[in-house]
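See structure below.
Convention: sequence-line order gives letters A, B, ...; per-chain numbering from 1. Fair warning: this is a prediction, and the values are worked out from it, not measured in the lab.
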Number of protein chains: 2
Amino acid sequence: MTPQRRAIIQILVEDDNTHPTAEQIFARVQDTMPNMSPATIYNTLHELVEMGVLSELELGLGGRHYDLIMTDHAHLVCLDCKRIEDVPYDHGALALPDEQAHGFQVVDHRVIFRGYCPACALSPG
Amino acid sequence: MTPQRRAIIQILVEDDNTHPTAEQIFARVQDTMPNMSPATIYNTLHELVEMGVLSELELGLGGRHYDLIMTDHAHLVCLDCKRIEDVPYDHGALALPDEQAHGFQVVDHRVIFRGYCPACALSPG
DNA sequence: ATCCCTGCAAAGCCTTTGCAATGCA
DNA sequence: TGCATTGCAAAGGCTTTGCAGGGAT
């Protein structure tokens, strides 16, 4: 547990629910540790994912977002401005029937709702 | 409708359910049109997505996969070998309650089941 | 003749890698 | 002291852009 890792985790805890990308985390961490390298960010994020503390999300927005694992939830994304919201979701609610599982051991599933946020629904573009 | 577009569409129709990436399509199209440029692939795919013929999938596998829109289905991915399977899924089955929608106009949602295919479940790594 | 599409080449963005130096335990 | 971690710099993969040539209508 190094200062670098503490700083990264702190950003994730403070900015919970912004779902930052590695790049955004990198940008923010510059404030306190201006010469942290990208490699450190990526290393740390991967380890935290490995440890099960973070989840890495691909939401169809063209980047990888990192999310502290707090509770069961799905994501709601604005296809226009890329805003991301958490929504409550019970992962027990949806199961893949055995006969459709192709013999897979299913470990989890993810749900993404896509649409337009209030602002973008009014003025598309 | 140019020969290039026909070739790309044909690959998608023939290889339905392999969910190729742009790169994979690019590689395959070389067989018949060796000097098609990447730009053409990407342009065409984007247009087809725009037209609603294809959907672009980010499945957490680190690339963008293209899928002919035939029928309602979800995706099942192997976290190890990255195999992708279609599974039947009724998109009417899951709805986001208004009070959780943050005012969004929800247009659709996507479901990804994650797990390990039979081969990878036996010999992980 | 016009306009859209193509190929080419280069740049771009994000991420990963290799290696030497650092510093934590 | 020893070993994991860091920073740096460079490379890598994939995608996008700009521009000029070419084909189709």
Side-chain angles (χ1 to χ4, degrees), chain A residues 1-12 15 18-67 77 79-82 84 125, chain B residues 1-12 15 18-67 77 79-82 84 125:
Chain A
M1 184 51 59
T2 63
Q4 287 84 350
R5 293 187 186 186
R6 255 188 290 274
I8 291 169
I9 293 171
Q10 176 152 359
I11 284 174
L12 283 158
D15 293 336
T18 60
H19 310 84
T21 62
E23 286 210 310
Q24 291 167 334
I25 295 168
F26 181 62
R28 283 186 217 167
V29 89
Q30 303 294 335
D31 296 344
T32 55
M33 307 189 63
N35 40 12
M36 190 185 302
S37 95
T40 300
I41 301 279
Y42 287 100
N43 285 341
T44 301
L45 291 173
H46 293 166
E47 281 156 20
L48 293 172
V49 169
E50 204 66 24
M51 292 166 56
V53 175
L54 290 183
S55 60
E56 188 181 66
L57 307 174
E58 288 190 0
L59 300 171
L61 306 178
R64 297 185 204 168
H65 297 260
Y66 292 88
D67 196 10
V77 303
L79 296 169
D80 194 343
C81 71
K82 318 304 187 194
I84 303 167
Chain B
M1 184 51 59
T2 64
Q4 286 83 351
R5 295 189 184 183
R6 254 188 292 274
I8 291 169
I9 292 169
Q10 177 153 358
I11 284 176
L12 283 158
D15 293 337
T18 60
H19 310 84
T21 63
E23 284 209 311
Q24 290 167 335
I25 294 169
F26 181 63
R28 282 186 216 167
V29 89
Q30 302 294 333
D31 295 345
T32 56
M33 306 189 65
N35 40 14
M36 189 185 302
S37 94
T40 301
I41 302 280
Y42 287 100
N43 285 342
T44 302
L45 290 173
H46 293 165
E47 280 156 22
L48 292 172
V49 169
E50 203 67 24
M51 291 165 57
V53 174
L54 291 182
S55 60
E56 187 181 65
L57 306 174
E58 288 190 1
L59 299 172
L61 306 178
R64 297 184 204 169
H65 297 260
Y66 292 87
D67 195 9
V77 303
L79 295 170
D80 195 342
C81 71
K82 320 302 188 195
I84 303 167

Exercise. Given C/dG7, is OP1 or OP2 found less than 4.0 Å from the side-chain N or O atoms of B/Thr40?
Worked result: yes

Problem set entry | Under 3.5 Å: donor-acceptor pair, side chain of B/Thr40, backbone of B/Met36 | no

Exercise. Expressed in angstrom and rounded to an integer, what is the separation of A/Ile41 atom CD1 from C/dT15 atom C1'?
Worked result: 12 Å

For this session: Find the distance A/Arg6:CZ to C/dG23:P and express it as a whole number of Å.
Result: 15 Å

Exercise. Within this structure, what is the CG-to-P distance between A/Asn43 and D/dT5, rounded to whole angstrom?
Worked result: 9 Å

Exercise. Considering all heavy atoms of both residues, which atom of B/Ile11 and which atom of B/Ile25 are nearest to each other, and what is their separation?
Worked result: CD1-O, 4.0 Å

Problem set entry | Interatomic distance, B/Glu50 CD vs C/dC5 P [rounded to whole Å] | 13 Å

For this session: Kindly indicate whether the side chain of A/Val49, heavy atoms from C-beta on, has any atom under 4.5 Å from the side chain of A/Tyr66.
Result: yes

For this session: Please check if the side chain of B/His65 supplies one atom and the backbone of B/His19 the other of a donor-acceptor pair under 3.5 Å.
Result: yes

Problem set entry | Axis deviation across the helix from C/dA1-D/dT25 to C/dA25-D/dT1, five-pair ends, to the nearest 10° | 30°

Exercise. B/Glu47 CD to D/dT15 C1': how many Å, rounded?
Worked result: 16 Å

For this session: Name every residue in residues 22-37 of chain A that has at least one heavy atom under 4.0 Å from any atom of DNA chain C, in order of residue number, or write none if there are no such residues.
Result: A/Ala22, A/Glu23

For this session: Give the rounded distance in Å between these two atoms: NE2 of A/His46 and P of C/dC14.
Result: 15 Å

Seminar exercise, completed: Taken to the nearest whole Å, OH/B/Tyr42 to P/D/dG13 is 13 Å

Exercise. Within a strict 4.5 Å, meaning less than it, do heavy atoms of the A/Leu61 and A/Ile84 side chains meet?
Worked result: yes

Exercise. Can you tell me how far C1' of C/dC5 sits from CG of B/Leu45, to the nearest Å?
Worked result: 15 Å

For this session: Would you check if A/Thr18 and A/Arg28 make a side-chain contact, meaning some heavy-atom pair closer than 4.5 Å?
Result: yes

Problem set entry | Any residue of residues 51-64 of chain A with a heavy atom less than 4.0 Å from an atom of DNA chain C | A/Arg64

Problem set entry | Heavy-atom closest contact (A/Leu12 atom, A/Pro20 atom, distance) | CD2-CG, 4.0 Å

Problem set entry | For A/Ala22 against A/Ile41, the heavy-atom pair lying closest together | O-CG2, 3.9 Å

Problem set entry | 4.5 Å side-chain heavy-atom contact, B/Ser37 and B/Asn35 | no

Exercise. Does the A/Gln24 side chain pair with the main chain of A/Thr21, one donor and one acceptor, at a distance under 3.5 Å?
Worked result: yes

Seminar exercise, completed: Residue pair A/Ala39/B/Thr21 against DNA chain D: nearer the 5' end by closest nucleotide is A/Ala39

Exercise. Under 4.0 Å between a side-chain N/O of B/Thr2 and OP1 or OP2 of C/dT6, yes or no?
Worked result: yes

Exercise. Measuring from A/Glu47:CD to A/Tyr42:OH, what's the distance to the nearest 0.5 Å?
Worked result: 15.0 Å

Exercise. Any side-chain N or O of B/Gln4 under 4.0 Å from OP1/OP2 of C/dG7?
Worked result: yes

Exercise. What closest approach, in Å, do B/Met33 and B/Ala7 show between heavy atoms, and which atom pair accounts for it?
Worked result: SD-CB, 3.8 Å

